Amino acid sequence: MALALLRKTFNSLNPNDRILRSLSSYAAVATNNAEKPVSDSSSSSFTFSPDQNDNTNTTNKGNAAASDDIYIKSKKPPPSTSVTMPMSFMTGSIVGKRFYKQVTTRVAEDGNGWSVMLDYRTLKTPSKRPLKCPTLPLAKAIAAEWDYQLTDGIRPFTMPLMKLACTALERVPLTRSHIINNLMTRFHQDLVFCRAPDDNELTTGVYELQVKKLDPLLKWVESEFGFKPVVYSSFFGGKQEDGLVNAINTLLKKTNDNELAAIDALTSASHSLIISIAIFRGKLQIDEAIELIRLEEDMQVEKWGLVEGGHDLDVADLKVQIASATVFLGLTKKL
């Protein structure tokens, strides 16, 4: 109806006006196009620009000015067969509305690994590499993360497995030596090596709790690697024996990209490479690891109370980071 009214208005004006003739013709074209069905498989974008090659300019003698007509140019790119995540995906920003309906998995095109499909599009990493999962369970878990996204926006912070998979595919192969060196640099300040002073009434309770909870883990380290860890009470840390340092360094070098990505994520969340390796070797479960990480803070919360919106959010965030990295380790293992 709006197009009909617009055309009626044009007819009532001066028919000799060149600009109005052009607009009337475009209104007629728009009316015809409106009657045609539009396919949902492709989208159109329009740009407005003056046509510098308008033939009517040549008929007006002495008129050197450019035409004032407005033309509509339609751009219809072919549908893409893949979808690439922007770099903002790795930072936690909302990357846009959900643009897909169905999430599935299939064997990768080269037959090596598994791919995640968003409708007919193959999911890719931020650097436009195909997201190939080493196992079907990991591919299905990542597919579930995408399937649970809401229509109003894709939230990367609800997809920790996707983030770890992208890290293992893109970051670890390029910076493996740097990651290992960084982990070993912080190894001497590991959380489990630090002890509260036992000669102060304010810290005696913490020390006793550390001895009860952490000593069994330190004994496991000694039996696993053959060297007894050194404990200290200095904020600047201590220095472990070269034999233990070399044993841990060798273990990290033998890991594959998925395992190193998970260990790095666990260490970043727990501030303890020993706890991360204990999870990796199956010594600690998720709940046990979280208890050791929050040992001192939970004791303070029990004594002074919990701060809502602070301590509870910290616990929830820690559980997500530790659980997701641990699950990622399990899902990447080939049976």
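All of these numbers come straight from a predicted model, not from anything done at the bench. Nothing fancy with the numbering, it's 1 onward along the sequence.
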In Å and rounded to the nearest 0.5 Å, what is the [atom1] to [atom2] distance from [X] to [Y]?
X      : Y      : atom1 : atom2 : value
Gln300 : Leu295 : CD    : CG    : 11.0 Å
Leu284 : Ile277 : CG    : CD1   : 11.5 Å
Ile142 : Lys163 : CD1   : NZ    : 14.0 Å
Ile263 : Ile179 : CD1   : CD1   : 11.0 Å
Gln321 : Leu164 : CD    : CG    : 10.0 Å
Lys254 : Glu259 : NZ    : CD    : 12.0 Å

In the structure I gave you, are the side-chain heavy atoms of [X] and [Y] within less than 4.5 Å of one another anywhere?
X      : Y      : result
Val206 : Met299 : yes
Ile275 : Leu217 : yes
Thr326 : Phe280 : no
Cys194 : Ser233 : no
Gln240 : Pro229 : yes
Met162 : Leu131 : yes
Leu273 : Ile248 : yes
Thr105 : Met117 : no

Assess the side chains of Ser115 and Glu109: does a donor N or O sit below 3.5 Å from an acceptor N or O? no
May I ask you to say whether [X] pairs ionically with [Y], meaning some side-chain N is under 4.0 Å from a carboxylate O?
X      : Y      : value
Lys140 : Asp147 : no
Asp257 : Arg176 : yes
Glu297 : Arg294 : yes
Arg195 : Asp215 : yes

Could you go through Leu138 and Thr135, starting from their C-alpha distance and side-chain angles, then the distance that decides it, and tell me whether this counts as side-chain contact (heavy atoms from CB on, under 4.5 Å)? CA-CA 6 Å; Leu138 178 61; Thr135 64; 3.5 Å; yes
Non-hydrogen atoms of [X] and [Y] that approach each other most closely:
X      : Y      : answer
Asp152 : Lys97  : O-CG, 3.7 Å
Tyr232 : Asp190 : OH-O, 3.4 Å
Leu169 : Arg129 : O-NH1, 2.6 Å
Asn258 : Pro134 : ND2-CG, 3.6 Å
Phe193 : His188 : CD1-O, 4.3 Å
Leu150 : Arg98  : O-CB, 3.5 Å

For the pair [X] (side chain) and [Y] (backbone), establish whether a donor and an acceptor sit closer than 3.5 Å, ignoring hydrogens and angles.
X      : Y      : value
Ser268 : Ala265 : no
Glu170 : Thr167 : no
Asn249 : Val245 : no
Gln149 : Glu145 : yes
Thr250 : Asn246 : yes

[Y] reachable from [X] in the ILVMFWY side-chain graph, under 4.5 Å edges:
X      : Y      : answer
Trp114 : Leu123 : no
Val192 : Ile286 : yes
Leu266 : Leu251 : yes
Leu318 : Val320 : no
Ile274 : Ile279 : yes

With Phe187, which of Leu244, Thr267, Leu252 fulfils side-chain contact (heavy atoms from CB on, under 4.5 Å)? Leu244
Yes or no on side-chain contact (heavy atoms from CB on, under 4.5 Å) for Ile293 and Ile322, after CA distance, side-chain angles and deciding distance? CA-CA 10 Å; Ile293 296 168; Ile322 298 299; 3.9 Å; yes
Go through the steps to decide whether Met159 and Tyr148 satisfy the test side-chain contact (heavy atoms from CB on, under 4.5 Å), and finish with yes or no. CA-CA 9 Å; Met159 293 187 281; Tyr148 277 102; over 6 Å; no
Residues, nucleotides or ligands: over 12 heavy atoms within 6.0 Å of Gln285 CD: no
Flag if over 12 foreign heavy atoms under 6.0 Å of OH, Tyr207: no
Let me see the working for Tyr100 and Ile154 under side-chain contact (heavy atoms from CB on, under 4.5 Å), right down to the final yes or no. CA-CA 11 Å; Tyr100 54 91; Ile154 297 175; 4.2 Å; yes
Evaluate salt bridge (Lys or Arg N to Asp or Glu O under 4.0 Å) for Asp110 paired with Lys132, printing each intermediate quantity in order. CA-CA 10 Å; Asp110 60 358; Lys132 293 194 297 183; 2.6 Å; yes
Please step through salt bridge (Lys or Arg N to Asp or Glu O under 4.0 Å) for the pair Asp298 and Lys303, ending with a clear verdict. CA-CA 9 Å; Asp298 283 344; Lys303 182 177 181 180; over 6 Å; no
